[in-house]
Amino acid sequence: MDDRQRHYKDGADNEILFSKTVKAGKRIYYIDVKRDRKGEFYLSMTESKRLKDVNNNALHPTFEKHKIFLYREDLEKFMVALNDAAEFTKANAPENRRSREWTETENSLNFAGCESESDNDFKLDVEF
């Protein structure tokens with residue numbers, strides 16, 4: 001393999017510097033911090049969903065994956081929009097079992113690096 005091919009291969013499979021996994025029913029979310037070729041950090045968020053086995057092949061299940069790449073310059077705007085959407089959902093979603101679980105989980109969480117400004121708001125401090 002020549003240097004050009006090796007550089008492309010290395011660039012395609014960036015090093016994971018930090019990773020968190022969120023399991024939610026049939027879905028798994030991976031939130032990774034990676035470094036691009038220029039040395040800039042970015043978030044790679046992946047949703048992985050196991051599909052129903054059409055061929056009943058339990059040894060090789062099929063997964064559907066969706067990815068979002070989020071760079072540093074967009075992170076604050078993204079977090080504000082995500083927080084706004086979560087607040088809207090909590091305030092306007094009809095009461096059901098999942099929303100009760102959401103509230104119970106939210107009340108039991110301790111966000112490291114987050115400062116509570118009021119009962120409904122939080123501020124996330126992310127540094128790269």
Side-chain angles (χ1 to χ4, degrees):
M1 179 184 303
D2 65 23
D3 287 339
R4 188 171 161 197
Q5 289 174 324
R6 182 175 292 121
H7 179 71
Y8 178 76
K9 183 177 186 290
D10 291 345
D13 196 17
N14 293 338
E15 175 186 10
I16 296 174
L17 305 171
F18 174 87
S19 185
K20 286 286 186 178
T21 302
V22 178
K23 294 180 181 180
K26 294 182 180 182
R27 290 181 170 84
I28 299 175
Y29 300 96
Y30 301 97
I31 304 169
D32 303 321
V33 176
K34 297 183 177 185
R35 185 187 328 254
D36 68 10
R37 293 182 209 176
K38 296 178 184 177
E40 295 287 327
F41 285 17
Y42 67 95
L43 293 180
S44 172
M45 294 177 274
T46 306
E47 174 200 37
S48 180
K49 179 182 174 184
R50 185 175 181 164
L51 300 177
K52 291 184 179 180
D53 293 329
V54 177
N55 300 328
N56 294 326
N57 189 354
L59 296 176
H60 296 89
T62 305
F63 291 89
E64 179 179 83
K65 294 185 178 184
H66 301 253
K67 288 190 173 234
I68 295 175
F69 300 103
L70 187 62
Y71 280 85
R72 179 177 163 171
E73 60 268 17
D74 302 321
L75 186 60
E76 188 173 335
K77 291 183 277 187
F78 184 86
M79 293 302 296
V80 167
L82 183 62
N83 186 49
D84 289 349
E87 291 298 323
F88 176 85
T89 302
K90 288 190 302 186
N92 296 295
E95 180 68 26
N96 61 29
R97 182 180 59 84
R98 285 191 177 178
S99 63
R100 283 192 304 275
E101 289 173 358
W102 173 304
T103 304
E104 291 167 5
T105 301
E106 181 184 67
N107 291 336
S108 68
L109 291 177
N110 180 11
F111 291 101
C114 295
E115 299 173 14
S116 178
E117 295 179 353
S118 73
D119 289 341
N120 296 325
D121 296 331
F122 69 90
K123 180 180 178 182
L124 180 62
D125 185 17
V126 178
E127 292 185 26
F128 285 98

Task: By side chain to side chain contact (heavy atoms under 4.5 Å, CB included) - contacts of Ser19 (at least two apart) - done: Ile16, Asp32

Task: Tyr42 versus Arg35, closest heavy-atom pair with distance - done: CE2-C, 3.9 Å

Open item on the list: For Glu73 versus Lys77, what's the shortest heavy-atom pair and its separation?
Closed with: O-CE, 4.0 Å

Task: Distance (rounded to the nearest 0.5 Å) between Leu43 CG and Phe18 CZ - done: 9.5 Å

Task: Qualifying residues under side chain to side chain donor-acceptor pair (under 3.5 Å), relative to Arg27, sequence neighbours excluded - done: Glu47

Task: Set of side chain to side chain contact (heavy atoms under 4.5 Å, CB included) partners for Phe78, sequence neighbours left out - done: Met45, Leu70, Leu82

TODO: Please answer: with hydrophobic residues joined when any side-chain heavy atoms are less than 4.5 Å apart, are Leu17 and Tyr30 in the same cluster?
DONE: no

Task: Side-chain touch Phe63/Ile28, heavy atoms, less than 4.5 angstrom - done: no

TODO: With sequence neighbours excluded, give me every salt bridge (Lys or Arg N to Asp or Glu O under 4.0 Å) pair touching residues 17-26.
DONE: none

Task: All side chain to side chain contact (heavy atoms under 4.5 Å, CB included) counterparts of Phe88, not counting sequence neighbours - done: Asn92

Task: Partner set under side chain to side chain donor-acceptor pair (under 3.5 Å) for Glu40, not counting sequence neighbours - done: none

